[in-house]
Amino acid sequence: MLVTFTTDAHANITMFGDVALILLRMMGHSKTVPGAILAADVPMALNRLKTAINAEKALPPVIGRGEGEEEDQPAVSIADRALPLINLLTAAAEAECDVMWK
């Protein structure tokens with residue numbers, strides 16, 4: 001499953017569903033797809049996401065590979081995966097736009 005985040009203030013962001021659901025939970029929202037955040041609530045969701053990402057960075061790294069991952073491939077952290085969504089939420093907050101995902 002793919003999830004696409006949209007707002008009038010930024011280009012669409014599409015990510016794998018499992019990652020999107022983790023980020024939605026970090027933002028304080030249910031794992032419901034489709035969904036939306038009203039413009040007035042975007043700054044709070046952005047703050048929650050940044051706080052959760054910073055807390056995640058403070059944890060020790062998990063060593064090991066996921067199924068189907070190459071041994072010599074570097075792991076991509078949730079902080080790196082969240083960066084496009086953080087940029088989208090920041091643009092939406094500055095422009096006071098709603099954010100939707102489907």
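- Residues Lys31 and Leu21 are in side-chain contact: their nearest non-hydrogen atoms beyond the backbone lie under 4.5 Å apart.
- With sequence neighbours left out, Asp8 forms a side chain to side chain donor-acceptor pair (under 3.5 Å) with no residue at all.
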Donor-acceptor contacts, no H, no angles, side chain residues 39-51, under 3.5 Å, sequence neighbours left out:
| unit_1 | atom_1 | unit_2 | atom_2 | d |
| --- | --- | --- | --- | --- |
| Thr51 | OG1 | Asn47 | O | 2.9 |

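- Looking at heavy atoms from C-beta onward, Met27 lies in side-chain contact with Leu85 at the 4.5 angstrom threshold.
- Between the OG atom of Ser30 and the CZ atom of Arg25 there is a distance of 12.5 Å, given to the nearest 0.5 Å.
- Shown here for Ala91 and Ala9, the closest heavy-atom pair between the two residues is O-CB, 3.5 Å.
- Residues His10 and Phe5 are not in side-chain contact: their nearest non-hydrogen atoms beyond the backbone lie 4.5 Å or more apart.
- Atoms CD1 and SG, from Ile37 and Cys97 in turn, are 12.5 Å apart once rounded to the nearest 0.5 Å.
- Two residues are said to be in side-chain contact when any heavy atoms from C-beta on lie closer than 4.5 Å; Val19 and Ile78 meet this criterion.
- Listed by chain and residue number, Pro34 satisfy the side chain to side chain contact (heavy atoms under 4.5 Å, CB included) test with Lys102 (two or more places apart in sequence, or in another chain).
- Across every non-hydrogen atom of Gly17 and Val3, the tightest pair is CA-CG2, 3.9 Å.
- Thr14 meets the side chain to side chain donor-acceptor pair (under 3.5 Å) test with Thr4; sequence neighbours excluded.
- How far CG of Asn12 is from CE of Met100: 9.0 Å, rounded to the nearest 0.5 Å.
- Hydrophobic clustering keeps Val76 apart from Ile53 (ILVMFWY residues linked when any side-chain heavy atoms are closer than 4.5 Å, directly or through intermediates).
- Listed here is the closest heavy atom pair of Arg81 and Met15: O-CE, 3.8 Å.
- Leu2 belongs to a hydrophobic cluster whose other members, connected by ILVMFWY side-chain contacts under 4.5 Å either directly or through intermediates, are Phe16.
- Under the rule for a ring pair (Phe, Tyr, Trp, His ring centres under 6.0 Å), the partners of His29 that lie at least two apart in sequence or sit in another chain are Trp101.
- Put simply, the side chain of Thr6 does not reach to within 4.5 Å of the side chain of Ile13, judged on heavy atoms.
- Nearest heavy-atom pair across Leu88 and Ala11 is CD1-O, 3.6 Å.
- Judged by distance alone, the side chain of Thr32 and the main-chain N or O of Gly35 form no donor-acceptor pair under 3.5 Å.
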